[in-house]
Amino acid sequence: MGTLWDLAQEYRANQPPIERRLEDLRNELSRTASVEARRRLRHRINVLEKMLADSRRCVFEMEHYYDKE
């Protein structure tokens, strides 16, 4: 079993693929005319943005868990 630092680095390593997928979906959104398709793309983008934000928050908390206040 790894340390919190190790786990944080795993979370950090998983962020670039999410960022790339977000970029792809945003590009697709800009080229999509269908209202329903745009709605689905925006939903997928929102979910991934929340996942990315949660991942970044978790990384910060794990890396600084033992810091003194």
Side-chain angles (χ1 to χ4, degrees):
M1 182 173 209
T3 65
L4 277 178
W5 182 265
D6 296 332
L7 185 57
Q9 300 321 301
E10 288 183 38
Y11 271 68
R12 187 181 299 283
N14 288 316
Q15 291 173 3
I18 296 171
E19 292 166 342
R20 285 191 298 275
R21 184 62 181 141
L22 276 167
E23 184 177 342
D24 292 344
L25 290 173
R26 289 178 180 130
N27 288 334
E28 187 177 344
L29 179 63
S30 70
R31 296 185 311 269
T32 302
S34 165
V35 173
E36 181 60 23
R38 289 179 62 80
R39 184 194 63 76
R40 287 193 307 268
L41 284 168
R42 279 194 301 270
H43 175 73
R44 291 168 63 190
I45 289 168
N46 288 339
V47 169
L48 287 175
E49 286 175 338
K50 289 175 187 172
M51 285 175 58
L52 186 58
D54 286 345
S55 177
R56 289 176 175 157
R57 180 187 48 79
C58 287
V59 166
F60 179 84
E61 289 179 6
M62 285 185 272
E63 287 179 342
H64 298 280
Y65 186 79
Y66 295 106
D67 290 355
K68 295 181 181 178
E69 298 206 11

Check: Is any side-chain N of the basic residue among Glu23 and Arg20 closer than 4.0 Å to the acidic one's carboxylate O?
Finding: no
Item checked: Hphob cluster co-occupancy, Phe60 + Tyr11, side-chain heavy atoms under 4.5 angstrom -> no
Check: Distance only, no hydrogens: is a donor on one side chain within 3.5 Å (strictly under) of an acceptor on the other, for Asn27 and Ser30?
Finding: no
Check: Which ILVMFWY residues are connected to Ile45, directly or by a chain of links, through side-chain heavy atoms under 4.5 Å apart?
Finding: Ile18, Leu22, Leu25, Leu29, Leu41, Val47, Leu48, Met51, Leu52
Next item on the list: Mind listing the closest non-hydrogen atom pair of Ala13 and Pro17 along with its distance?
Entry: O-CD, 3.7 Å
Next item on the list: Just do the side-chain contact (heavy atoms from CB on, under 4.5 Å) check on Trp5 and Met62 with the steps written out, would you?
Entry: CA-CA 6 Å; Trp5 182 265; Met62 285 185 272; over 6 Å; no
Check: Do the non-hydrogen side-chain atoms of Glu28 and Asp24 ever get within less than 4.5 Å of each other?
Finding: no
Notebook entry, point to check: Atom OG1 of Thr3 and atom OH of Tyr66: how far apart are they, to the nearest 0.5 Å?
Noted result: 8.5 Å
Notebook entry, point to check: Are any of the side-chain heavy atoms of Arg39 and Glu36 separated by less than 4.5 Å?
Noted result: yes
Note to self: Which residue in the set Glu61, Glu19, Glu63, Glu49 passes salt bridge (Lys or Arg N to Asp or Glu O under 4.0 Å) when paired with Arg56?
What the structure shows: Glu19
Notebook entry, point to check: How far apart are the closest heavy atoms of Val59 and Ala8, and which atoms are they?
Noted result: CG2-O, 3.5 Å
